[in-house]
Amino acid sequence: MAELSKAYEPQAVEARWYQHWLDQKCFVADPASPKPAYSIVIPPPNVTGVLHMGHVLNNTIQDILARKARMDGKEVLWLPGTDHAGIATEGMVAKQLRKEEKKSKQDLGREEFLKRVWTWKEKHGGIIIEQLKKLGCSCDWTRERFTMDPDYVRNVQRVFVDLYKKGLIYRGKRMVNWCPATQTALSDEEVEMKPQKGFMYHFNVEVVDVVGQPPPAGKVQQAPPPAGSTAGEGARMTTTGEGTGPTTVRSTDTWLTIATTRPETIPGDTAVAVNPKDTRYAHLIGKHIVRPLPAELPREQKLIPIVGDEHVDFEFGTGVLKVTPAHDKADFDIGQRHKLPLLEVINADGSMNALAGSDLAGLDRFAARKVAVEKLRELGSLLEEKPYENNVGFSQRADVPIEPRLSEQWFLKYPSVAASQKCVAEGRMKFYPDRWAKVYDHWLTNIQDWCISRQLWWGHRVPVWYRGAEVFCGLEAPPGEGWQQDPDVLDTWFSSWLWPFATMGWPENTETLKKFYPTTDLVTGPDIIFFWVARMIMAGYEYMGEMPFRNVYYTGIIRDKQGRKMSKTLGNSPDPLELIAKYGADALRFGTMRSAPLGQDILFDEKDVELGRNFCNKLWNACRFRQMQGGEVQGEIETSKLRGDDKWILLRLNQTIKDTSHALADYKFNEAAAALYRFFWSEYCDWYVETTKPIFHGTDEVKKANTLAVLDFVLSHTLRLFHPFLPFITEELWHGMGYHEDMPDAQGGRTIMFAPWPKPFDADFRDHYSLDDCYLDFFAAKQELVTNGRNLRREANLPANKKVKFVLKREYQFTPNDMEVMKVLLNADAFDILPDYEPPQGTLTAHCEWGELYLPLEGLVDLDAERTRLTKELEKIVNEIAKVEQKLTNPAFAQKVPPAVLQEHQQRLTDWHSKLSHVQKAIEGLGAA
RNA sequence: GGGCGAUUAGCGUAGUGGUAGCGCAGCUCCUUUACACGGAGUAGGUCGGAGGUUCGAAUCCUUCAUCGCCCACCA
């Protein structure tokens, strides 16, 4: 074995082993394998994305699961891929186009623009894939998929056609969430409510009686063409009641006050609504009001009715609601109920059209708001303008307010809802943490149809063709001339909801599907529970007749150490690749996992990565220590030569195997990492390795060999336990230490990846090595003694490197090795067991389970200081005794408490009492003050 | 408006009824041939407040407070 360097240098090591794993095809999943299957599909990152801390968390967890499963002897498929991310990618390319060529996508035309997107994808896509490799992800890259791959596209179409034929997909003119920035419809899930500071305006309108035929204040407008519409389009003047007969308008001298936050929509109002139960206004229902805007229209063309509607809350505002059916969802519903005309005054891009009047036409909706307020003021109609905060829906992607808009879109009535809801409710599919099950259930219960069409070009085009009034839905254009394909594309999630099976070659690749579907685990953030998880479950049931995964692990959200969300604008998101370059991928992984409890947000601190780096170095040096003792890998442990210390560390290892395995089975990655960390650093390195030093400094070659065997045993197990967390360094050490040599290829000879996951020792093993729990107690007593001894050194202010002499008052023969070990641990040049020892004055003493421990110093001690310290300790002990006694003397306590607890308390009392007498004696020993 | 989560040492976090743990930062000592990315020791907590259940509460219940998230058509 090659000699290890003094400090671990991850950079070269990591690249080398990753290439080795690829060369050896270690990540490739074989559907023909007889091994039981473990499968997991990656939440596909955006193809043009770059790795951030959220990915690190998410993919480290998946990698741990995949690597653990391999060591458990499973045939593992971790299926990777990327997502075309419709809006995000199209937006990015369009922005670049604007910047570099000063052109819009319309200037290029659909075909040319799509070419540019593909070029962009070829150039920037896949960066994140390379970054995942740097992190150590063991994905089967031979199966890497992209949601725009030809066969994936085909699957999306197939599903669309199928759902269309089932009558679940339909086209309809509905109120949708319209994003004026990207000029497309969005699903409800893509709208984010944000509190916005604005104003609440109160304005007056005149109530009039209309005799004769009331003129329509407008008629239904056609939805403008979805894509490429420009300001001013659709602004046809269709308002007046021409040819409807004579009309008389009579003033009533009554005025109503209306409250609104959106005065710019006044020209689009086609009614005013009041609650019919509202006694203030009920008598006005059926009369009309004169809409104040547009100012230039004659008053008889601005008469709109007062309607009664239960929806109106008379507590809110003035109790009078202006109804804008074309630009508000609730108003649209009111409009439907009262057959009100729709008057569209806002264009697709958020500007006002000609129907809004000459004052507003052409202005952006927010500029128009200011102008509208000015107009109301000029008309003397404006009563009040006060600051107001309300919730406004924002486009999640473009971060601009949504404009509710009536348009022709494709909708999906969700399939397999009942089955999807049941599998989680009945616990057949498990959520970790399970509180998300409630959130999921609530969403499914209140589910609305999904608007799946987008007015974009980058994506899966709707597989529907039109010819006049004919509509055809199918995988190919129908035969015959004159068919025009629907220009819209589908929501990105309409492709990713098929991810678990579409990536496995559905429907043809039955071998892979049979072996690996349903997948075992899904690891994702709770922020996409509706977008993705719920929809995948529905698609899974609809197309595979089976849930797509058995367990869903929801990670926390990574925040900075002040608890703020990571964001580009805040600049608080560290670049994982820089961290990897600085500390190593293992360090980043370990640091992240150690501070990532199940279902909690994670406050990220670079210190955690530093801790991971330090730990890797510790692991490295512990192996280096073993290596420096020389000798080949020692396979057999000689039972009769085992020391108590050896048995102790083997027992501790056994417990750690159990703890780690349990923690991983429960998806408690932080607990697993903490258990391993504690075992290795605090028990193996800090205590066990120290106890071996007297052996290695000695001359007994048999004992040396046996101790080496124990070191090798513990290290080879520990490396395997750490491998899922620290794939690179464990592989390097696995080979560096020569542990691979004992194993056949398939079990770790080739790579630690396939070495068997350690199992707790069975009864036979424990019997053979006489691993009795009494060795734990013995070692605990030894630790206590050593700690006490070290305390005494500190009390006497002795430098840590000064050799001293200790005396233990006890009748007991320790083994020579134990004596040596205690000398080393206490850094003493003498350690005597003297049953009749009488300490001279100026001797520090400590009370240990094994007896009184003395540090004779003869005059070196400040007696007064020591007396003060002991008196303080005495007080503490008396306090503790009082506490325990109070409990024990409570009759109810003795009656109700289980015997074990009672015994424990009694034991504790005894211990305190013996400490008490020791301290009292020690004070006496100091002599009078 | 409804739901969910959080509140433990300066900071971060573990701990689901029986003596409050860990990491970082702090302080003291130590370059003792695995490791200063280290070792030894030490200080620091009425477990957010108030009630209650219990022999016993960080833990269970009620309530309040603060923070965060999700859902909801109040103009």
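In what follows, every heavy atom counts, from backbone to side chain, and hydrogens, waters and symmetry copies are set aside. All chains are named by letter (A, B, ...) in the order of the sequence lines, taking the proteins before the strands, and each is independently numbered beginning at 1.
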Any A/Tyr201 side-chain nitrogen or oxygen under 4.0 Å from OP1 or OP2 of B/A75
no

Are any of the side-chain nitrogens in A/Lys277 or A/Glu310 under 4.0 Å away from the carboxylate oxygens of its partner?
yes

Touch class at under 4.0 angstrom, heavy-atom based, for A/Val884 against every strand present
nothing

Expressed as a whole number of angstroms, how long is the span from A/Leu902:CG to B/U19:P?
14 Å

Which whole-number value in Å describes the distance from A/Asn670 CG to B/U13 C1'?
9 Å

Name all residues meeting the salt bridge (Lys or Arg N to Asp or Glu O under 4.0 Å) criterion together with A/Lys805; count only those two or more places apart in sequence or in a different chain, and write none if there are none.
A/Asp832

List the protein contact pattern of nucleotides 35-45 of chain B with one symbol per nucleotide (5' to 3'): B for base contact, S for sugar-phosphate-only contact, - for none; contact means a heavy-atom distance under 4.0 Å.
B-BSBSSS---

Listed by chain and number, what are the ring-ring contact (aromatic ring centres under 6.0 Å, His included) partners of A/Phe203, not counting sequence neighbours?
none

Which part of the nucleic acid, if any, lies within reach of A/Gln895 when heavy atoms closer than 4.0 Å are counted: base, sugar-phosphate only, or nothing?
nothing

Pairwise P distance, B/A65 and B/A9 [rounded to whole Å]:
23 Å

Nearest-angstrom distance from the residue atom CG of A/Asn827 to C1' of B/U31:
14 Å

According to salt bridge (Lys or Arg N to Asp or Glu O under 4.0 Å), who are the partners of A/Lys618, at least two apart in sequence or on a separate chain?
none

Would you kindly give the CG-to-C1' distance between A/Leu611 and B/C11, to the nearest whole Å?
15 Å

Within the 4.0 Å heavy-atom criterion, would you say A/Leu321 contacts the bases, only the backbone, or no part of the nucleic acid?
base

So, is A/Lys322 near the phosphate of B/A75, with a side-chain N or O under 4.0 Å from OP1 or OP2?
no

If the condition is ring-ring contact (aromatic ring centres under 6.0 Å, His included), which residues does A/Trp687 pass it with, not counting sequence neighbours?
none

Quick one: list whatever passes ring-ring contact (aromatic ring centres under 6.0 Å, His included) with A/Phe679, sequence neighbours left out.
none

So if I take residues 908-916 of chain A and measure heavy-atom distances to RNA chain B, which residues fall below 4.0 Å?
A/Arg908

Can you list the steps and then say if A/His338 with A/Asp309 is a side chain to side chain donor-acceptor pair (under 3.5 Å)?
CA-CA 9 Å; A/His338 299 276; A/Asp309 196 282; 2.8 Å; yes

Find the distance A/Tyr677:OH to B/U13:C1' and express it as a whole number of Å.
14 Å

Of A/Thr260 and A/Cys623, the one whose closest RNA chain B nucleotide lies more 5'
A/Cys623

Whole-Å gap separating P (B/G23) and CD (A/Glu606):
21 Å

Under 4.0 Å, counting only non-hydrogen atoms across every strand here, what does A/Glu315 touch: a base, just sugar-phosphate, or nothing?
nothing

Please report, to 0.1 Å, the donor-acceptor pairs under 3.5 Å made by any side chain of residues 192-199 of chain A, with sequence neighbours excluded.
residue, atom, partner, partner atom, Å
A/Lys194, NZ, A/Asp399, OD1, 2.6

ring-ring contact (aromatic ring centres under 6.0 Å, His included) with A/Phe728: which residues, sequence neighbours excluded?
A/Trp21

Would you call A/Asp829 and A/Lys823 a salt bridge, taking side-chain N to carboxylate O under 4.0 Å as the test?
no

Return the value, rounded to whole Å, for the distance between atom CZ of A/Arg626 and atom C1' of B/U33.
17 Å

Value rounded to 0.5 Å, distance of CZ in A/Phe722 from CG in A/Leu715
11.0 Å

Out of B/C74, B/C73, B/G18, minimum distance to the side chain of A/Phe893 belongs to B/G18

Tell me the salt bridge (Lys or Arg N to Asp or Glu O under 4.0 Å) pairs involving residues 686-698 of chain A, sequence neighbours left out?
A/Glu690-A/Lys693

Residue mapping more 5' on RNA chain B - nearest nucleotide basis, A/Asn890 or A/Tyr388
A/Asn890

Which dot-bracket string describes RNA chain B (Watson-Crick N1-N3 plus N6-O4 or O6-N4, or G-U N1-O2 and O6-N3, all under 3.5 Å; [ ] crossing; | other strand)?
(((((((..((((....[..)))).(((((.......))))).....(((((..]....))))))))))))....

Measure CE/A/Met193 against P/B/C69 and give the value in whole Å, please.
15 Å

List in chain and number order the residues that pass salt bridge (Lys or Arg N to Asp or Glu O under 4.0 Å) with A/Glu403, two or more places apart in sequence or in another chain; answer none if no residue qualifies.
A/Arg262, A/Arg365

